[in-house]
Engineer: 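The following block contains the structure, expressed as structure tokens.
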Amino acid sequence: TKVEYNKKFDLYEPEATCISEERFGSKVRYHAFGDGPKFVCGVDVIAKKAKQSNCLVYSVGSNNDVRFEQAVHTFINGCEVHTFDPTLKDEQFVGGEYATFHPWGLGTDGGKEGNTMHGRANDGSRKSFETIIKELGHENRKIDILKIDCQGCEYSAMPPLFELIASGKVQVDQVLIEMHARKDGNFLDMLRDFFMAADKAKLRIFHKERNGWGCDGFRCVEYAFVSDSFLREANGASMCPGEGAV
């Protein structure tokens, strides 16, 4: 039932406050609404950094909705953006002006994680984050924003990434992710493992909301995580303009 789906996420609530959080992903800033945009912490801080040195954004899961990529291009100009989606086999990616496209699925190397997206076939093999980062030559780059909606692959793909972050091998400032409820008997264990791994990576939940526009209005929950270090920087910039941002 709807109540049972919602209860599974009740243990995991926001634990940090980003003063400058905003729903992001529209042509006009602060006008983002509906399914697709995500809550981002410190947009102006990232934009200031992007002017000085390249920032890096990963957008996993597209459905050819490129509002987020377009917003990054417009309001955080200077970021290198990569979009991943294995389901656009029969149509061309429309966001080439804003992002580099990769027809790759996310999960474990050679796995089959994640469901069909929006009626499209999603039957190709998957790649782990570790493999993707290596193939793109981003081993020594910080991922400023990781936006992910991979229709269920998050439970296999994300804990290994969190382990890489916890070990210092990968740096990610923000993770904006849609979590999907599952009917597996071990779903609560999967949730626990996911959030424990995120905690070890020192990623803190700063926003949570049920996706009332998609997933039948109750099966998906949007979470936004921020690293301890970037949260301090973004909040410092909000409280002491001109001092908190690099």
Side-chain angles (χ1 to χ4, degrees), residues 23-27 32-40 54-77 79-138 141 143-158 160-161 172 174-182 211-217 219-224:
R23 190 189 293 275
F24 186 80
S26 57
K27 292 182 179 179
F33 191 71
D35 189 16
K38 306 291 183 183
F39 273 85
V40 178
N54 242 352
C55 76
L56 183 61
V57 176
Y58 282 7
S59 178
V60 180
S62 166
N63 189 31
N64 249 341
D65 179 351
V66 296
R67 287 176 293 168
F68 190 87
E69 287 88 337
Q70 186 178 31
V72 171
H73 177 80
T74 302
F75 303 114
I76 318 179
N77 189 259
C79 289
E80 179 181 338
V81 183
H82 293 263
T83 299
F84 307 85
D85 194 323
T87 71
L88 301 182
K89 297 177 181 178
D90 300 322
E91 57 189 282
Q92 187 174 355
F93 177 62
V94 300
E97 181 181 352
Y98 315 114
T100 300
F101 179 73
H102 308 278
W104 304 341
L106 185 68
T108 58
D109 290 321
K112 294 286 185 179
E113 299 89 356
N115 300 320
T116 297
M117 297 175 61
H118 308 285
R120 296 189 177 97
N122 187 10
D123 52 6
S125 62
R126 312 295 189 254
K127 296 186 179 187
S128 66
F129 268 116
E130 185 172 18
T131 294
I132 287 173
I133 290 169
K134 286 180 179 178
E135 290 191 6
L136 294 180
H138 293 160
R141 298 273 305 275
I143 300 174
D144 293 85
I145 301 175
L146 167 58
K147 181 182 81 71
I148 175 170
D149 177 5
C150 61
Q151 300 295 310
C153 84
E154 59 267 21
Y155 300 107
S156 57
M158 294 304 295
L161 176 62
V172 180
Q174 295 187 60
V175 175
L176 322 175
I177 185 167
E178 184 174 79
M179 305 284 292
H180 302 80
R182 299 177 58 159
N211 185 350
W213 297 281
C215 304
D216 298 328
R219 290 186 294 106
C220 299
V221 178
E222 299 278 359
Y223 280 94

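It should be emphasised that the depicted structure is a prediction, and the values quoted were computed from it without experimental measurement.
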Engineer: With Asn54, which residues qualify under side chain to side chain contact (heavy atoms under 4.5 Å, CB included), at least two apart?
Structural biologist: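 Here the qualifying residues are Glu80, Arg141.
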
Engineer: Which heavy atom of Gly25 sits nearest a heavy atom of Pro37, and at what distance?
Structural biologist: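 Of all heavy-atom pairs spanning Gly25 and Pro37, the closest is O-CG, 3.7 Å.
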
Engineer: Thr100: what forms a side chain to side chain contact (heavy atoms under 4.5 Å, CB included) with it, not counting sequence neighbours?
Structural biologist: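 Side chain to side chain contact (heavy atoms under 4.5 Å, CB included) check on Thr100 returns His82, His102.
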
Engineer: Does the side chain of His180 pick up a donor-acceptor pair with the side chain of Glu154 at under 3.5 Å?
Structural biologist: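 Result is yes, a qualifying pair exists.
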
Engineer: Do Lys127 and Phe84 make a side-chain contact, defined as non-hydrogen atoms from C-beta onward lying under 4.5 Å apart?
Structural biologist: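 Not in contact.
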
Engineer: Contact between Phe68 and Val40 at the side-chain level, heavy atoms closer than 4.5 Å - yes or no?
Structural biologist: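 A side-chain contact under 4.5 Å exists here.
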
Engineer: Can you sort out the partners of Ser26 under side chain to side chain donor-acceptor pair (under 3.5 Å), two or more places apart, ordered by chain and number?
Structural biologist: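 Ser26 satisfies side chain to side chain donor-acceptor pair (under 3.5 Å) with no other residue.
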
Engineer: Could you check whether any side-chain heavy atom of Ile133 comes within less than 4.5 Å of a side-chain heavy atom of Ile143, counting everything from C-beta outward?
Structural biologist: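 With C-beta onward as the side chain, the pair touches.
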
Engineer: Taking ring-ring contact (aromatic ring centres under 6.0 Å, His included) as the definition, give me every residue that meets it alongside Phe101, ordered by chain and number, with sequence neighbours left out.
Structural biologist: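 Scan of Phe101 (ring-ring contact (aromatic ring centres under 6.0 Å, His included), adjacent residues dropped) gives Phe93.
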
Engineer: Can you name the closest pair of heavy atoms from Met158 and Ile177 and give their distance?
Structural biologist: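 Smallest interatomic distance, heavy atoms only, reads CG-CD1, 3.8 Å.
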
Engineer: Under the criterion side-chain contact (heavy atoms from CB on, under 4.5 Å), I'd like the reasoning laid out for Ile76 against Ile145: C-alpha separation, chi angles, the key distance, then a yes or no.
Structural biologist: CA-CA 11 Å; Ile76 318 179; Ile145 301 175; 4.2 Å; yes

Engineer: Under the rule for salt bridge (charged side-chain N to carboxylate O under 4.0 Å, His left out), what residues qualify as partners of Lys147, not counting sequence neighbours?
Structural biologist: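 In terms of salt bridge (charged side-chain N to carboxylate O under 4.0 Å, His left out), with neighbours along the sequence ignored, Lys147 is linked to no residue.
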
Engineer: Looking at every heavy atom in both Ala157 and Gly107, which two are closest together, and how far apart are they?
Structural biologist: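 Between these two residues, the closest heavy atoms are CB-CA, 3.8 Å.
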
Engineer: For Glu222, which residues count as a side chain to side chain contact (heavy atoms under 4.5 Å, CB included) partner, sequence neighbours excluded?
Structural biologist: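 If we apply the side chain to side chain contact (heavy atoms under 4.5 Å, CB included) test to Glu222, skipping adjacent residues, the hits are Asp35, Lys38, Glu178, Glu209, Asn211.
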
Engineer: Under 3.5 Å, is there a donor-acceptor pair between the side chain of Asp144 and the main chain of Leu56?
Structural biologist: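 Here the side-chain-to-backbone pair exists.
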
Engineer: Can you name the residues that form a ring-ring contact (aromatic ring centres under 6.0 Å, His included) with Phe129, not counting sequence neighbours?
Structural biologist: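 Partners of Phe129 by the ring-ring contact (aromatic ring centres under 6.0 Å, His included) criterion come out as none, since no residue qualifies.
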
Engineer: Which heavy atom of Phe33 sits nearest a heavy atom of Arg67, and at what distance?
Structural biologist: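 That would be O-NH1, 3.9 Å.
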
Engineer: For Glu69, enumerate each residue passing the side chain to side chain donor-acceptor pair (under 3.5 Å) test, keeping only those at least two apart in sequence or located in another chain.
Structural biologist: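 Here the qualifying residues are Ser59, Thr83.
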
Engineer: List in chain and number order the residues that pass salt bridge (charged side-chain N to carboxylate O under 4.0 Å, His left out) with Lys134, two or more places apart in sequence or in another chain; answer none if no residue qualifies.
Structural biologist: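 Residues passing salt bridge (charged side-chain N to carboxylate O under 4.0 Å, His left out) with Lys134: Glu130.
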
Engineer: Is the closest side-chain heavy-atom distance between Leu106 and Ile132 below 4.5 Å?
Structural biologist: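 Yes, side chains in contact.
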
Engineer: Please report the closest heavy-atom contact between Cys150 and Val60, naming both atoms and the distance.
Structural biologist: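 Minimum heavy-atom contact is CB-CG1, 4.3 Å.
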
Engineer: Among residues at least two apart in sequence or on other chains, which ones pass side chain to side chain donor-acceptor pair (under 3.5 Å) with Tyr155?
Structural biologist: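 Testing Tyr155 for side chain to side chain donor-acceptor pair (under 3.5 Å), a comparison that skips the adjacent residues, returns none.
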
Engineer: Leu176 versus Phe24: any side-chain heavy-atom pair under 4.5 Å?
Structural biologist: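 No; the side chains remain at least 4.5 Å from each other.
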
Engineer: Leu161 and Val175: side-chain contact (heavy atoms from CB on, under 4.5 Å), yes or no, with the steps?
Structural biologist: CA-CA 11 Å; Leu161 176 62; Val175 175; 5.6 Å; no

Engineer: On a heavy-atom basis, which atom in Asp85 and which in Gly61 lie closest, and how many Å separate them?
Structural biologist: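 Residues Asp85 and Gly61, closest heavy atoms: OD2-C, 3.9 Å.
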
